[in-house]
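To start, the structure under review is shown below, and the notes come after it.
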Amino acid sequence: MLNGAMISHVTKLALYARVSGEDQADRNTIQAQLDFLRNHTSLHELPVYDTYIDDGVSGVIPLSQRAGGIRLLADASDKKFTAVMVYRLDRLGRSLTSILDAYNSLDSLGIAIISATEPFETRTAIGRFIFQFLASLAELERETITERMELGRARVIKHGKWTNGPIPFGYDLDDSGRLIPSKRIIDTVHQEESEFVKDLFRRIASGSTLQGECRRLNALGIPCTRKYSGGRITNVAKKWFPSRLSQMVKNPIYYGKFTFHARSENITITFPGLISRELFDVVQSRIRLNRYIPSHSKRINILRSLIVCGDC
């Protein structure tokens with residue numbers, strides 16, 4: 001906690017608070033930090049210049065790239081305060097690199113860093129030592145949490161459950177969280193989603209192009225959405241583009257294979273695919289072929305994709 005020696009030099013403070021999505025899950029909210037900081041400064045009769053907030057921002061993002069951090073550094077440069085107070089050091093960052101980056105940015109402007117709940121401030125040698133020690137602990141904590149989350153996710157995946165974010169187009173989840181062919185009806189074509197995806201692969205294998213299929217999807221009014229467990233659906237684009245469709249049809253998940261790349265191992269699970277591996281391979285070959293033989297021209301350019309600009 002703060003003592004008289006730590007705060008004797010402070011003429012005006014800036015209060016900084018940050019949370020990311022995962023922090024909010026732990027109830028470490030912006031408001032809780034601000035209430036503590038305001039009560040703390042009131043108790044010590046410290047003048048506060050302004051409050052700076054980054055809500056829903058990852059701690060690995062440098063302070064200079066956060067909205068609140070940008071404003072904080074701008075006012076620090078104008079000497080509008082002499083120290084920054086945070087609830088805890090890991091509010092400045094969740095990695096050693098991001099914390100030290102924040103320290104270097106503020107220290108170069110003559111601004112001290114004070115923690116309301118930890119016994120240090122960066123104007124003293126022992127304070128800087130404790131600061132660096134706590135920064136290392138913050139990164140260790142983050143790495144430990146990440147590792148535990150990954151181990152838990154790997155354990156769930158080994159049981160065949162889907163944990164990889166948005167549910168692929170053409171699939172749904174059963175009651176146990178496993179991928180199954182989607183029976184959802186696409187209103188604009190009155191066809192099941194899984195059947196529509198199968199037809200899409202067959203059309204490309206028969207000679208259609210990604211560009212042509214995007215035009216067809218857009219003409220049919222097929223929404224470009226993402227589905228999540230629990231039934232939530234969000235729109236991600238107003239129309240289909242070849243880049244998005246290419247990413248979709250190159251995904252081995254459609255022939256029933258998904259690989260999770262963990263730190264210690266790669267975990268591959270299988271489930272009912274929408275198409276065969278043979279059809280998937282034909283589609284990949286067709287996509288590569290379309291790069292060399294454009295559908296809009298009858299002319300075959302034998303050097304297409306072989307000669308490139310030396311300055312590009």
Side-chain angles (χ1 to χ4, degrees), residues 1-20 22-24 26-142:
M1 301 292 289
L2 293 176
N3 57 41
M6 286 183 179
I7 62 176
S8 60
H9 66 277
V10 174
T11 57
K12 193 163 289 187
L13 275 173
L15 304 183
Y16 179 75
R18 179 195 63 81
V19 293
S20 60
E22 62 188 37
D23 293 323
Q24 292 191 27
D26 295 332
R27 299 186 179 182
N28 191 10
T29 63
I30 285 287
Q31 194 57 50
Q33 292 178 52
L34 293 178
D35 289 344
F36 187 94
L37 290 172
R38 287 164 180 162
N39 290 336
H40 203 68
T41 52
S42 177
L43 175 66
H44 288 276
E45 299 181 347
L46 295 171
V48 175
Y49 172 72
D50 203 354
T51 299
Y52 303 82
I53 295 172
D54 281 311
D55 198 350
V57 179
S58 171
V60 300
I61 296 175
L63 183 67
S64 59
Q65 295 179 22
R66 311 173 197 165
I70 292 172
R71 194 167 68 86
L72 176 74
L73 292 174
D75 287 349
S77 180
D78 292 337
K79 308 298 181 182
K80 294 181 178 179
F81 47 81
T82 58
V84 176
M85 179 181 283
V86 292
Y87 171 73
R88 200 170 66 186
L89 182 59
D90 63 5
R91 298 305 87 201
L92 272 181
R94 291 286 274 178
S95 70
L96 184 60
T97 300
S98 61
I99 294 175
L100 293 180
D101 175 74
Y103 166 75
N104 290 331
S105 297
L106 291 167
D107 184 64
S108 66
L109 299 171
I111 306 299
I113 298 172
I114 301 173
S115 170
T117 59
E118 297 158 325
F120 79 89
E121 69 97 5
T122 58
R123 287 190 185 273
T124 66
I126 188 65
R128 286 190 291 273
F129 170 77
I130 296 174
F131 171 87
Q132 293 172 7
F133 176 71
L134 291 174
S136 298
L137 286 182
E139 181 167 37
L140 176 62
E141 180 186 21
R142 172 179 168 270

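Since the model is a prediction, treat every value here as computed from it, not as a measurement.
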* Show your reasoning for whether side-chain contact (heavy atoms from CB on, under 4.5 Å) applies to Tyr52 and Asp75. => CA-CA 10 Å; Tyr52 303 82; Asp75 287 349; 2.6 Å; yes
* Structure fact -> On a heavy-atom basis, the closest approach of Val57 and Ile61 is CG1-CD1, 4.0 Å
* Sort out for me which residue in Thr51, Leu63, Ile53, Leu15 forms a side chain to side chain contact (heavy atoms under 4.5 Å, CB included) with Leu72. => Leu63
* Asked: If you round to the nearest 0.5 Å, how far is CZ of Arg18 from CD of Gln33?
  -> 8.0 Å
* Residues two or more places apart in sequence or in another chain: which of them pass side chain to side chain donor-acceptor pair (under 3.5 Å) with Arg38? -> none
* Structure fact -> Here the gap from Thr82 atom OG1 to Leu13 atom CG, rounded to the nearest 0.5 Å, amounts to 6.5 Å
* side-chain hydrogen bond (donor to acceptor under 3.5 Å, both in side chains): pairs with one or both residues in residues 59-68, sequence neighbours excluded -> Tyr16-Arg66
* How far apart are the closest heavy atoms of Arg91 and Val19, and which atoms are they? -> NH1-CA, 3.9 Å
* Structure fact -> Taken to the nearest 0.5 Å, the spacing of Lys80 NZ from Lys12 NZ works out to 10.5 Å
* Donor-acceptor contact below 3.5 Å, side chain Ser105 vs main chain Asp101 -> yes
* Reported NZ-to-OG distance for the pair Lys79 and Ser77, which is rounded to 0.5 angstrom -> 7.0 Å
* To do: Taking side chain to side chain donor-acceptor pair (under 3.5 Å) as the test, write out the residues that go with Asp35, two or more places apart.
  => Gln31
* How are the rings of Tyr87 and Phe36 set relative to one another: parallel (under 30°), tilted (30 to 60°) or perpendicular (over 60°)? -> perpendicular
* Arg71: which of Asp54, Asp78, Asp50 passes salt bridge (charged side-chain N to carboxylate O under 4.0 Å, His left out) -> Asp50
* Which atom names give the shortest non-hydrogen contact between Ser20 and Ser58, and what distance separates them? -> CB-CA, 4.0 Å
* Asked: At their closest point, which heavy atom of Ser98 faces which heavy atom of Gly59, and how far apart are they?
  -> OG-O, 3.0 Å
* Straight-line distance of Ile113 CD1 to Leu92 CG, nearest 0.5 Å -> 5.0 Å
* Calculate, to the nearest 0.5 Å, the distance between atoms CG and CG belonging to Leu73 and Leu106 respectively. => 5.5 Å
